[in-house]
2 protein chains.
Amino acid sequence: MAISASKPATAPQIDDTTLRGFIGYTMKRAYMVVRNDMHRVLAEHDLRVTTFSALCIIAENSDLTQTQLAGALKIERSSVVVVVDELEGRELISRNRVEGDRRTYALRITLKGRRLFERIVEEAKQHENALLSDLSDAERETLFGLLKRVENSAS
Amino acid sequence: MAISASKPATAPQIDDTTLRGFIGYTMKRAYMVVRNDMHRVLAEHDLRVTTFSALCIIAENSDLTQTQLAGALKIERSSVVVVVDELEGRELISRNRVEGDRRTYALRITLKGRRLFERIVEEAKQHENALLSDLSDAERETLFGLLKRVENSAS
DNA sequence: TTTAATAGTTCTGTAACATAACAGTTCGCA
DNA sequence: TGCGAACTGTTATGTTACAGAACTATTAAA
């Protein structure tokens with residue numbers, strides 16, 4: 001069946017009312033904006049989001065194991081290997097043998113790693129501040145709080 | 001350098017203070033919870049998130065083109081083809097020829113499509129309600145509002 | 001009327017993981 | 001004290017969910 005098209009001069013606005021009713025849709029949209037921004041910051045340092053997240057976790061949890069890192073990042077141990085390989089290859093962290101358990105490594109950030117970590121945190125904070133400049137401090141707190149409560153309602 | 005490990009009996013809690021300072025990290029965590037829940041609902045109907053989103057958009061925007069759909073879903077036209085193929089193959093939507101422009105299709109939901117659409121919306125709403133049961137109506141509104149403002153601060 | 005732009009399509013590539021199977025090591029306990 | 005179970009890291013392979021480039025058919029613009 002052919003439709004006769006009355007060509008609209010104005011860009012026809014698409015309705016997404018139903019999808020807007022779902023928190024997942026709105027959350028994904030907002031998340032993509034934030035994620036793309038972070039992506040841009042990290043790309044300049046040749047880092048992916050998960051790699052940087054790993055660096056953060058190692059920075060404030062010295063001598064943790066790869067399995068612990070996997071748990072913290074909520075990814076599989078096999079995926080951690082790639083991330084840790086990358087960080088170690090760039091001398092941002094080190095794998096240290098553990099006396100008493102020859103299976104595990106103790107991951108530790110290097111001086112070079114800590115310098116990069118601190119620099120990127122600074123940059124990312126600035127970007128985030130610019131991105132959230134519409135929101136007051138109170139609103140940011142509210143947003144963080146609500147998101148955490150959603151996260152903790154996992155089945 | 002080997003680390004001597006004093007084996008902790010309690011599961012050592014991993015610190016993610018720095019990452020928690022970033023909205024992207026907390027948002028991703030919350031989003032994953034919501035997304036996994038939606039994923040479970042849709043899996044029972046053999047649908048992926050984007051495919052269902054497309055069905056929603058077509059349901060309330062009759063006779064839109066694939067390019068418009070791509071714009072609405074923020075994905076490439078080449079990706080839309082796969083999604084529309086899937087929906088058409090399952091007879092949930094139809095591609096209709098347009099009189100006056102033989103390049104484009106007018107996408108329209110079928111009766112079967114609308115029935116499935118309405119059923120899934122119902123189910124998804126219930127799941128979402130259960131998931132957000134910790135939040136009051138006012139808090140949900142606040143969350144939606146803040147997320148939309150973040151989304152609209154895209155550069 | 002030639003040229004440019006647009007819609008849909010196909011093919012190939014990529015990112016960011018998961019899954020399964022494996023070796024080395026340590027633990028539980030009979 | 002020895003042996004199977006459990007655990008750590010690793011490799012190889014598969015999956016998901018797209019993007020990008022190049023193509024055809026069609027329409028619009030110069």
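Excluded from the calculations below are hydrogen atoms, water molecules and symmetry mates; all remaining heavy atoms, backbone and side chain alike, are included. Below, chain A is the first sequence line, B the second, and so on; all start at residue 1.
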Regarding Gln66(A), tell me which of base, sugar-phosphate or nothing describes its non-hydrogen contacts under 4.0 Å with the strands shown. sugar-phosphate
- Touch check for Thr104(B), heavy atoms < 4.0 angstrom, all strands: base, sugar-phosphate only, or nothing? sugar-phosphate
* To do: State whether the side chain of Ser79(A) and the backbone N or O of Ile75(A) hold a donor-acceptor pair below 3.5 Å, judged by distance alone.
  => no
Heavy-atom donor-acceptor pair, Ser153(B) side chain to Val150(B) backbone, under 3.5 Å
yes
To the nearest angstrom, how far is [X] atom [atom1] from [N] atom [atom2]?
| X | N | atom1 | atom2 | result |
| --- | --- | --- | --- | --- |
| Gln68(B) | dG8(C) | CD | P | 8 Å |
| Leu64(B) | dG8(C) | CG | C1' | 14 Å |
| Ile75(A) | dT16(D) | CD1 | P | 19 Å |
| Asn36(B) | dT16(D) | CG | P | 15 Å |
| Arg97(A) | dT8(D) | CZ | C1' | 10 Å |
| Arg77(A) | dC17(C) | CZ | C1' | 15 Å |
| Met32(A) | dC18(D) | CE | C1' | 10 Å |
| Arg35(A) | dA16(C) | CZ | C1' | 9 Å |

**Asked** Going by atom types only, do Thr18(B) and Glu60(A) share a side-chain donor-acceptor pair under 3.5 Å?
**Response** yes
By nearest-heavy-atom nucleotide on DNA chain C, the more 5' of Ser79(A) and Arg95(B) is Arg95(B)
Ion pair present between Arg95(A) and Asp85(A), side-chain N to carboxylate O less than 4.0 angstrom? yes
Against the side chain of Asp101(A), the closest entry in dC18(D), dG9(D), dT25(C) is dT25(C)
What about [X], does its side chain sit under 3.5 Å from the base of [N] through a donor-acceptor pair?
| X | N | result |
| --- | --- | --- |
| Thr65(B) | dG8(C) | no |
| Arg103(B) | dT6(C) | yes |
| Ser78(A) | dT19(C) | yes |

Step-by-step side-chain hydrogen bond (donor to acceptor under 3.5 Å, both in side chains) determination, Arg108(A) to Asn61(A)
CA-CA 8 Å; Arg108(A) 196 180 309 154; Asn61(A) 296 275; over 6 Å; no
OP1 or OP2 of [N] less than 4.0 angstrom from a side-chain nitrogen or oxygen of [X], does that happen here?
| X | N | value |
| --- | --- | --- |
| Thr67(A) | dC7(D) | no |
| Arg48(B) | dT16(D) | no |
| Arg102(B) | dT27(D) | yes |

